[in-house]
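To start, the structure under review is shown below, and the notes come after it.
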Number of protein chains: 2
Amino acid sequence: MVRPSKKTQIPNLQEAIKETAWRQIAETGAATLSLRAIARELNITAPAIYNYFPDRDALVTALIIDAYTSFGDYQIASRDAKAEDDLVGQLQAIGFAYRQWALDFPQRYELIFGTPIPGYQAPMMEVLPSAARSLSALVSVVEGLRVVNRLNSRGFPSVQPGYEEQFETWKTYAGDYDILSLAVSMLIWSRVHGLVSLEISGNMPPFGVDGAALYQYEIRSNIDQFVKGI
Amino acid sequence: MVRPSKKTQIPNLQEAIKETAWRQIAETGAATLSLRAIARELNITAPAIYNYFPDRDALVTALIIDAYTSFGDYQIASRDAKAEDDLVGQLQAIGFAYRQWALDFPQRYELIFGTPIPGYQAPMMEVLPSAARSLSALVSVVEGLRVVNRLNSRGFPSVQPGYEEQFETWKTYAGDYDILSLAVSMLIWSRVHGLVSLEISGNMPPFGVDGAALYQYEIRSNIDQFVKGI
DNA sequence: CACTGTAAATATACAGTGTTTATTTACAGT
DNA sequence: ACTGTAAATAAACACTGTATATTTACAGTG
């Protein structure tokens with residue numbers, strides 16, 4: 001049999017491939033992702049996957065975009081669960097949601113922000129829309145603070161000109177925010193990312209340091225530093 | 001010829017293997033590290049490597065330990081270049097040295113703190129000595145601040161009991177410091193790590209945000225937050 | 001000097017990977 | 001009914017890490 005009849009075929013094979021990939025990633029980690037293993041599980045041959053993804057990296061990119069989207073949904077939902085004028089509450093909620101999502105889906109987190117696939121480098125252009133949107137929850141709150149003059153950006157390094165075009169592209173997907181809000185957001189993001197990535201990768205030695213408590217302290221530090229008139 | 005005469009053999013093959021590995025990592029990144037490629041370059045066969053390293057992971061572990069040692073040397077040297085009583089200066093120097101080393105050897109940084117090798121998980125017990133030492137420069141300065149009552153740890157979460165044994169092991173390699181100094185150091189570390197890893201991995205979108213300036217701002221934030229009476 | 005044991009290398013093989021090419025064939029549209 | 005296309009398979013290539021068996025250079029000992 002060279003090609004099975006349509007009855008025995010899997011409908012929506014593209015989705016099935018991604019689902020199988022996610023299942024394998026959840027089980028054994030992103031590092032051991034294998035096209036042949038996916039094909040085995042779906043009872044198809046490996047080259048059949050190439051009808052849906054030009055190569056393995058394209059599949060990984062699709063997975064990353066899905067992960068970013070799920071992550072962004074979670075960030076936005078956590079923000080919108082707070083009252084619209086409770087900017088500090090929103091900032092906190094986004095922060096805790098960040099860690100919670102990472103703990104719930106450590107492999108997805110690693111797939112997005114780490115480099116678990118050998119030789120893979122995410123193509124900025126393709127990933128940007130979902131990535132920008134996932135960060136937009138945070139940026140929108142920082143922008144909200146800035147607009148009501150509650151953003152403390154004293155001493156914050158000024159943003160250099162020359163990248164207006166890329167920033168415009170970013171705004172297409174994330175929303176029309178001031179670049180200062182983006183820059184402050186990136187610093188806040190780097191802080192939570194630092195803690196979370198250490199915790200997830202097991203590089204935070206277990207010396208009695210409570211990850212949740214330390215994270216809470218860091219969220220509060222961010223608020224103390226960047227929010228005026230608490 | 002089954003085994004070449006000693007004249008044509010490479011002396012100190014163990015070191016030669018590691019050097020070749022580093023060269024390949026510097027050229028094409030840690031992800032594409034390959035025993036067979038190393039063997040090809042050294043004009044030996046791949047299984048010969050197994051006389052010096054039980055498997056690929058053992059070689060990676062050896063590389064990581066070397067990288068930690070080099071990193072630790074650099075951290076300690078940058079601290080000792082400042083006057084012994086200039087604790088804030090030392091804190092700054094260590095911070096800038098951290099980023100500089102990472103920019104100078106991005107692949108080494110990724111090898112230590114990322115997960116570029118598929119399926120590889122560093123064995124804590126073997127890596128701990130060099131890892132603890134590399135962090136000890138920072139901890140020693142924080143401890144110095146604590147001793148002269150200049151460490152601002154107000155609101156810092158208390159360390160939970162139950163891990164005294166592991167902490168004792170750590171102190172064997174890093175020095176006899178208070179666990180509060182270690183905990184504060186880990187938060188500082190997570191901050192610089194967050195920024196540096198974003199910058200190195202190219203995940204910090206180039207929207208005119210100057211990496212060096214942002215890093216300098218973050219170093220200053222750490223000092224403002226954790227040092228009393230500047 | 002001859003002998004022997006060990007250690008270090010090779011040769012070979014196995015199972016796995018991503019990917020390419022050629023081939024077959026089920027299905028859709030005319 | 002015919003034909004073109006798209007989707008699958010089959011087979012092969014070039015890799016990878018690793019295990020096993022074999023060979024042999026060298027060191028130590030009588």
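Remember, it's a predicted structure, so these values are computed and weren't measured experimentally. Lettering of chains follows the sequences in order, A, B, ..., and the numbering in each one begins at 1. Excluded from the calculations below are hydrogen atoms, water molecules and symmetry mates; all remaining heavy atoms, backbone and side chain alike, are included.
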Which whole-number value in Å describes the distance from B:Ile117 CD1 to D:dG17 C1'?
-> 13 Å
Among C:dA9, C:dT19, D:dA8, find the nucleotide with the atom closest to the side chain of A:Asn51.
-> D:dA8
Specify the separation, in whole Å, of atom CD1 of A:Ile49 and atom P of D:dA8.
-> 11 Å
Shortest side-chain distance from B:Tyr52, nucleotide among D:dA8, C:dG18, C:dA8 | C:dA8
To the nearest Å, how far apart are B:Gln14 CD and C:dA7 C1'?
-> 15 Å
B:Glu218 versus B:Asn222, side-chain donor and acceptor atoms under 3.5 Å | no
Does A:Arg23 come within less than 4.0 Å of A:Glu19, counting only side-chain N to carboxylate O?
-> no
Closest heavy-atom pair, B:Ile94 versus B:Ser78, reported as atoms and distance to 0.1 Å, is CA-OG, 3.7 Å
Out of B:Thr45, B:Leu35, B:Leu59, which one pairs with B:Tyr50 under the side chain to side chain contact (heavy atoms under 4.5 Å, CB included) rule?
-> B:Leu35
To the nearest Å, give me how far apart CG (A:Asp55) and P (C:dT20) are.
-> 8 Å
Of the listed D:dA8, C:dA9, D:dG17, the closest approach to the B:Tyr50 side chain comes from D:dG17
Can you tell me how far C1' of D:dA10 sits from CD1 of A:Ile44, to the nearest Å?
-> 15 Å
Within residues 25-43 of chain B, those residues having any heavy atom closer than 4.0 Å to DNA chain D are B:Leu33, B:Ser34, B:Leu35, B:Arg36, B:Arg40
Are any of the side-chain nitrogens in A:Arg99 or A:Asp104 under 4.0 Å away from the carboxylate oxygens of its partner?
-> no
The dot-bracket string of DNA chain C, counting Watson-Crick and G-U wobble pairs with both distances under 3.5 Å, using [ ] for crossing pairs and | for pairs to another strand, is ||||||||||||||||||||||||||||||
Would you please say whether a donor-acceptor pair under 3.5 Å links the side chains of A:Tyr74 and A:Ser134?
-> no
Among D:dA11, D:dA7, C:dA11, which nucleotide sits nearest the side chain of A:Pro47?
-> D:dA11
Give me the ring orientation class for A:Phe113 and A:Phe71: parallel if the planes are under 30° apart, tilted from 30 to 60°, perpendicular past 60°.
-> perpendicular
Could you state the CZ-P distance from B:Phe53 to D:dG17, rounded to the nearest angstrom?
-> 14 Å
Excluding sequence neighbours, so at least two apart, what forms side chain to side chain donor-acceptor pair (under 3.5 Å) with B:Tyr98?
-> B:Tyr109, B:Trp189
Are any side-chain N or O atoms of B:Glu164 and backbone N or O atoms of B:Gly162, one a donor and one an acceptor, separated by less than 3.5 Å?
-> yes
